[in-house]
Amino acid sequence: QVQVVESGGGLVQTGGSLRLSCTASGLTFRDYTMAWFRQAPGKEREAVSCIDQLAYRSYYADSVKGRFTISRDNLKNTLYLQMNSLKVEDTAVYYCAVDRQRMRYRDAYSIADVAFWGQGTQVTVSS
């Protein structure tokens, strides 16, 4: 069975940083594009960033571009999201996501493209 587990969320002040981690098991991690989504209260889940199998290509939503960095360590089956210069509007539950199809890449994944989700990790940015 596939398990996807996020960690690293927490409470941080505006301008601070957090690093999220996601560990996926039960699949060949290195074969899949991985993505981060987030969902704020009362809002739809939205794509934040994604990264291809070998970390050659990546995508960032305009709202986080220049502040967030996605990376992965295929030897550890782990995906990361380094979040800097955090803003109140970054407050959300952040979800790790696995592409439905192995060995493909696209920018701006939708929720329909996701096969497996983590349970989410809460990020709260206070002013």
Side-chain angles (χ1 to χ4, degrees):
Q1 62 181 14
V2 175
Q3 288 187 289
V4 183
V5 181
E6 304 97 335
S7 63
L11 175 64
V12 65
Q13 292 185 336
T14 298
S17 297
L18 286 171
R19 189 179 73 161
L20 306 183
S21 298
C22 167
T23 299
S25 60
L27 78 168
T28 305
F29 181 81
R30 61 180 172 83
D31 286 351
Y32 293 88
T33 291
M34 300 290 295
W36 289 100
F37 287 71
R38 68 185 182 187
Q39 188 166 22
K43 298 183 67 177
E44 297 295 318
R45 192 169 298 188
E46 64 177 355
V48 176
S49 184
C50 66
I51 187 168
D52 77 352
Q53 294 80 8
L54 297 181
Y56 293 155
R57 295 168 290 181
S58 60
Y59 161 83
Y60 299 92
D62 288 343
S63 59
V64 308
K65 196 172 300 179
R67 300 187 297 117
F68 290 12
T69 303
I70 192 169
S71 61
R72 66 192 295 162
D73 185 342
N74 287 341
L75 295 179
K76 297 181 178 180
N77 284 5
T78 301
L79 176 73
Y80 303 97
L81 186 67
Q82 178 67 46
M83 305 186 295
N84 298 327
S85 301
L86 283 162
K87 304 174 180 180
V88 171
E89 52 262 46
D90 295 318
T91 296
V93 178
Y94 284 71
Y95 296 92
C96 180
V98 183
D99 193 353
R100 285 191 176 274
Q101 183 174 328
R102 63 188 293 273
M103 304 305 295
R104 78 166 175 178
Y105 174 81
R106 67 173 68 186
D107 289 337
Y109 275 74
S110 71
I111 60 173
D113 297 316
V114 176
F116 305 103
W117 298 94
Q119 292 299 301
T121 186
Q122 176 71 48
V123 172
T124 302
V125 184
S126 66
S127 60

| query | Out of curiosity, M103 CE to Y32 OH, how far, rounded to the nearest 0.5 Å? | reply | 10.0 Å
| query | If only atom types and distance count, is the side chain of T91 paired as donor or acceptor with the main-chain N or O of E89 below 3.5 Å? | reply | no
| said: Quick check with a 6.0 Å cut-off and a 45 degree axis cone: is R72 positioned over the face of F29's six-membered ring? | reply: yes
| message | Side-chain heavy atoms nearer than 4.5 Å, only ILVMFWY residues, links allowed to pass through others: does that put Y95 and V64 together? | response | no
| query | According to the ring pair (Phe, Tyr, Trp, His ring centres under 6.0 Å) rule, which pairs have a member within residues 37-81, sequence neighbours left out? | reply | F37-W117
| Spatial distance of atom CG (D90) from atom CE (M83) [nearest 0.5 Å] | 7.5 Å
| query | Counting distance only, does the side-chain N/O of R67 pair as donor-acceptor with the main-chain N or O of S63 below 3.5 Å? | reply | yes
| query | What pair of heavy atoms forms the shortest contact from A112 to R100, and how long is it? | reply | O-NE, 3.1 Å
| field | Nearest-0.5 Å distance that lies between atom OG in S49 and atom CD1 in I70 | value | 3.5 Å
| note | Separation between CG (N77) and CG (L27), nearest 0.5 Å, reads 7.0 Å
| query | What distance separates W36 CH2 from C50 SG, expressed to the nearest 0.5 Å? | reply | 13.0 Å
| Under 3.5 Å, is there a donor-acceptor pair between the R38 and Y94 side chains? | yes
| task | Would you mind telling me which of D99, D31, T33, D52 makes a side-chain hydrogen bond (donor to acceptor under 3.5 Å, both in side chains) with R104? | result | D99
| task | Please report the shortest heavy-atom distance between Y105 and Y109, naming the atom on each side. | result | CA-OH, 3.6 Å
| said: Can you tell me how far apart CE (M34) and CG (L79) are? Round to the nearest 0.5 Å. | reply: 5.0 Å
| query | Stepwise, does the side chain to side chain contact (heavy atoms under 4.5 Å, CB included) test hold for L81 with T69? | reply | CA-CA 6 Å; L81 186 67; T69 303; over 6 Å; no
| said: Determine whether a donor-acceptor pair (N or O, by modelled atom type, separation under 3.5 Å) exists between the side chain of T14 and the backbone of S126. | reply: yes
| field | Test item: N74 side-chain N/O and R30 main-chain N/O as donor-acceptor pair under 3.5 Å | value | no
| field | K65 and D62 ion-paired at < 4.0 Å | value | yes
| message | If we count only N and O atoms by modelled type, under 3.5 Å, do the side chains of T124 and Q122 hold a donor and an acceptor together? | response | yes
| note | Tightest non-hydrogen contact, residues A92 and A40, listed as CB-N, 3.8 Å
| field | Sub-4.5 Å side-chain heavy-atom contact between T121 and V93 | value | no
| message | I'd like to know whether T23 forms a side chain to side chain contact (heavy atoms under 4.5 Å, CB included) with E6, so could you lay out the CA-CA distance, the side-chain angles of the two residues, the decisive distance to 0.1 Å, and finally the verdict. | response | CA-CA 7 Å; T23 299; E6 304 97 335; over 6 Å; no
| query | Does the side chain of V125 reach to within under 4.5 Å of the side chain of K87, using non-hydrogen atoms? | reply | no
| task | Take S17 and N84, measure what side-chain hydrogen bond (donor to acceptor under 3.5 Å, both in side chains) needs, and give me the verdict at the end. | result | CA-CA 4 Å; S17 297; N84 298 327; 2.8 Å; yes
